[in-house]
Asker: 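For reference, the structure I am asking about is given below.
Letters A, B, ... are given to chains in the order of the sequence lines, protein chains preceding strands, and every chain is numbered from 1.
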Amino acid sequence: MEMSRFPKTLLKPYEQSLKALLSLLNRYSSSPRALLQLHAMILKSHLSHHPFLLTRLAHAYLSCNSLSRPTRILFNFPKRAPLFLWNETIKAHARNGRFRDSIGLYDAMLAGGATPNEFTFTFVFPACAAARALSDGRRIHEHAVRFRCLSNVFVATAAVDMYGKCGEVGLARQVFDGMPQRGIASYNAMLAGYVSSGKCEEAISLFDQMQKSGLQYDATTMVSMLQACASLGALHKGRWVHEQIVSSQMEINVHLGAALVNMYARCGCIEESRSVFNEMPRRDLISWTAIICGYGMHGLPEDAELLFNQMVHCGVMPDSITFVGVLSGFSHKGMVNKGREYFKKMTDEYHIKPTLEHYSCMVDMLGRAGRLEEAEAFIRTMLVDPDAGVWGGLLNACKIYGNVKLGERVVEEILRLDPCNAGWYVLMSNIYATARLWDGVAKMRLLMKERKVSKPPGWSSIEINGQRHVFLVFDHSHPRSEEIYRLLKYLEERIRAAGYVAETKCVLVNLDEEAKEDMLCGHSERLAIAFGILSTKEGEVLRVIKNLRVCVDCHAATKFISKIVGREIIVRDANRFHHFRDGVCSCGDFW
DNA sequence: ATAGGGTTAG
């Protein structure tokens, strides 16, 4: 190799001219070993303080992701180091995951009296974004304004991205709106920000604006759009996005493929999700994980397991998230032995350290199978401290099996860890209410009042002709509200005649039975289902999205409704999918 | 003589 002859060449004195050293730097800039030798050579030569040569040397180190030597060169620079070198050092630290150091270098640069330029900000903002360093980001944003750099598209886009990643979509939007011009990347940064903070409707309307502005979209844009549709359960829009991707002849890369698989699965169409997966030109870990999680969500763990084995057979190694998909699938169907088998496989065979999510799945699985002591024992074996989510699985099991005593012990644990989440208070209330312990219900309600936590409003949505309709509990705001309640009343009579009995223990307050039954009828998913029946043709599938878990009574009622009206009703709740058809649910009443 | 934003997916 040429590399081995390198030291000899260097030793020749005539090579030590600036021109020769520069050309050597050029030639060996990607070989860290050669750089070290060149570095030693330069230090011994009469050019040891030559600014340009030092800059090139440091830059060569940086492009090999070597950080400490160039940083030393930077700090020991004869007189003031060039802005270029500061910028490149800031960039290299950010690229190598040293975000705090990157920000520190920026500050050191300012402290040394240098003036940052547009390049500086395009390197330091991503560091703030990755470190989720909002206060640094805000401070540096002010600098960008002061140094008149924010009018630059690159700088402003990086600032939008930074605010978006820090969860400050409002600030991101302010920067976005103040931009003199925007590129595709500017829109993409803003869209990703909206999607990651759950503001998916804003993302969709921004996309419409992007279309109007005449700007083309790219694959990144479409991935964000698909995520937005997945999260909203907006199947119609998701299909439209898919069509745009196809008709614009965009290549379905692994990112788009996984996003499509996920969108169809999360919109209730597991078969379409599967056909996208089957037709993908290339599959990676994330594509496999997407479809495995899809089957898990839909309560089809056997298919998930089959795919898991196919994936391994194809030489793709599963990761932590793949196992979350598999385990949650088993948990949804109460397949305790399989769950245990895969938990063991994960740790022993794949050496993946279980995370809180895996523990939650296992506790949930054991708990819902009625093995409450085992679930608690399992929590005690955990290598990490359980969080509220893990204990929550056990609390939920206490609700299902009416175990007030254990519930009280567990909720104490939970509220110590997560006192602001109203869900736990409600769940414990539910346990008390089921046992008709109204004092307990009152106690939980008082606690909530004292701590000023409020229950997140339950909502359900349904898409009709591409339009999303959202219903809250006892919602009367819909223009067809009257018809909806009339239909519900009618359905109520019909399902009663078919054998439905209201599960009034779902109602958390102490009322007489009739009042409780009325309360159940106003649950948001019933309103959405009724509206769906009113607004679609006979035989059409209804797809409902809910933010909370479906309650026992609505679950029972929906089974009857599916039979009476001859409709397939697919409900996505906070946890999983329920497919109601001809009086039965795919979950087999186990959820 | 040197340098740039959005990597988005499970």
Asker: Determine, stepwise, if the pair A:E142 / A:R139 fulfils salt bridge (charged side-chain N to carboxylate O under 4.0 Å, His left out).
Answerer: CA-CA 5 Å; A:E142 281 172 28; A:R139 185 168 61 81; over 6 Å; no

Asker: Under 4.0 Å between any heavy atoms, over every strand shown, what does A:S287 touch: base, sugar-phosphate, or nothing? Just pick one.
Answerer: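 Counting heavy atoms under 4.0 Å across all strands, no contact is made by A:S287.
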
Asker: Provide, to the nearest angstrom, the distance between the CG atom belonging to A:D218 and the C1' atom belonging to B:dG5.
Answerer: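 A:D218 atom CG is separated from B:dG5 atom C1' by 13 Å.
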
Asker: What is the nucleic acid contact for A:L22, judged by heavy atoms within less than 4.0 Å: base, sugar-phosphate only, or nothing?
Answerer: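 Touches nothing.
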
Asker: Select base, sugar-phosphate, or nothing to describe what A:A290 touches, counting heavy atoms under 4.0 Å on all strands.
Answerer: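 Answer is sugar-phosphate: A:A290 comes under 4.0 Å of backbone atoms only.
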
Asker: Expressed as a whole number of angstroms, how long is the span from A:L62:CG to B:dT2:P?
Answerer: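 In whole Å, B:dT2 P and A:L62 CG are 16 Å from each other.
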
Asker: Could you give the CD-to-C1' distance, from A:E88 to B:dA1, as a whole number of Å?
Answerer: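 Spelled out: CD on A:E88 to C1' on B:dA1 is 12 Å.
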
Asker: Let me see the working for A:N26 and A:R56 under side chain to side chain contact (heavy atoms under 4.5 Å, CB included), right down to the final yes or no.
Answerer: CA-CA 9 Å; A:N26 260 341; A:R56 291 300 305 270; 2.8 Å; yes

Asker: Any donor-acceptor pair under 3.5 Å joining the side chain of A:N152 to the base of B:dG5?
Answerer: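 Counting by modelled atom types and ignoring angles, no donor-acceptor contact under 3.5 Å is found here.
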
Asker: At under 4.0 Å, does any side-chain N or O of A:N87 touch on OP1 or OP2 of B:dA3?
Answerer: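 Answer is no, no contact under 4.0 Å.
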
Asker: Could you work out which one of B:dG5, B:dA3, B:dG6 sits closest to the side chain of A:V153?
Answerer: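 Among B:dG5, B:dA3, B:dG6, the one nearest the side chain of A:V153 is B:dG5.
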
Asker: CZ of A:F154 versus P of B:dG5: gap in Å, rounded?
Answerer: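 Nearest whole value for this atom pair: 7 Å.
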
Asker: Using atom types as modelled and distance alone, determine if a side-chain donor or acceptor of A:H93 lies under 3.5 Å from a backbone N or O of A:T89.
Answerer: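 Side chain of A:H93 to backbone of A:T89, a donor-acceptor pair under 3.5 Å: yes, one is there.
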
Asker: Counting distance alone, no hydrogens or angles: does the base of B:dG5 have a donor or acceptor under 3.5 Å from a partner atom on the side chain of A:T122?
Answerer: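 No pair found.
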
Asker: Ignoring the backbone of A:P126, work out which of B:dG5, B:dG10, B:dT7 is nearest its side chain.
Answerer: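 Ranking B:dG5, B:dG10, B:dT7 by closest atom to the A:P126 side chain puts B:dG5 first.
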
Asker: Starting from the C-alpha separation in whole Å, work towards a yes-or-no answer on side chain to side chain contact (heavy atoms under 4.5 Å, CB included) for A:E302 and A:K333.
Answerer: CA-CA 10 Å; A:E302 294 87 352; A:K333 228 178 164 184; 3.1 Å; yes

Asker: Look at all strands and tell whether A:N26 reaches a base, only sugar-phosphate, or nothing, counting heavy atoms closer than 4.0 Å.
Answerer: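 It contacts nothing in the nucleic acid.
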
Asker: If I take atom OH in residue A:Y217 and atom P in nucleotide B:dG6, what distance separates them, rounded to the nearest angstrom?
Answerer: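 Computing the A:Y217:OH to B:dG6:P distance gives 23 Å.
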
Asker: Round to the nearest Å and state the distance from A:M210 atom CE to B:dG6 atom C1'.
Answerer: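 Rounding to the nearest Å, CE of A:M210 and C1' of B:dG6 are 10 Å apart.
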
Asker: Can you identify which nucleotide, out of B:dG5, B:dG10, B:dA3, has its nearest atom closest to the A:I286 side chain?
Answerer: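 The answer is B:dG10, which lies nearest to the side chain.
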
Asker: By the definition ring pair (Phe, Tyr, Trp, His ring centres under 6.0 Å), identify the one residue from A:F330, A:Y350, A:F343 that meets it with A:F323.
Answerer: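 Running ring pair (Phe, Tyr, Trp, His ring centres under 6.0 Å) over A:F330, A:Y350, A:F343 with A:F323 returns exactly one hit, A:Y350.
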
Asker: Can you tell whether the side chains of A:E272 and A:R239 come within less than 4.0 Å, N to carboxylate O?
Answerer: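 Yes, this pair counts.
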
Asker: Nearest of B:dA1, B:dG6, B:dG10 to any side-chain atom of A:F52?
Answerer: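 Of B:dA1, B:dG6, B:dG10, B:dA1 is nearest to the side chain of A:F52.
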
Asker: Give a yes/no answer on whether the side chain of A:K91 brings an N or O atom under 4.0 Å of OP1 or OP2 in B:dT2.
Answerer: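 So the side chain of A:K91 is outside the cut-off, no N or O lying under 4.0 Å from OP1 or OP2 of B:dT2.
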
Asker: Give A:R282 one of three labels, base, sugar-phosphate or nothing, depending on what nucleic acid heavy atoms sit under 4.0 Å from its own.
Answerer: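 If one applies the 4.0 Å heavy-atom cut-off, A:R282 turns out to touch nothing in the nucleic acid.
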
Asker: State which of B:dT7, B:dG5, B:dG4 makes the closest approach to the side chain of A:V155.
Answerer: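 Closest nucleotide among those given: B:dG4.
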
Asker: Please report the distance, rounded to the nearest Å, between CZ in A:F123 and C1' in B:dG5.
Answerer: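 Going from CZ in A:F123 over to C1' in B:dG5 covers 10 Å.
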
Asker: Ignoring hydrogens and angles, are the base of B:dG5 and the side chain of A:N188 linked by a donor-acceptor pair under 3.5 Å?
Answerer: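 Between B:dG5 and A:N188, which were checked side chain against base, a qualifying N/O pair under 3.5 Å is absent.
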
Asker: At less than 3.5 Å, do the side-chain atoms of A:S186 and the base atoms of B:dG5 form a donor-acceptor pair?
Answerer: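 Indeed there is one.
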
Asker: What is the separation between atom CD on A:Q216 and atom P on B:dG6, rounded to the nearest whole Å?
Answerer: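 In whole Å, B:dG6 P and A:Q216 CD are 21 Å from each other.
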
Asker: For a quick check of understanding: with a heavy-atom distance under 4.0 Å over all strands, which category does A:I184 fall into, base, sugar-phosphate or nothing?
Answerer: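 Base contact.
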
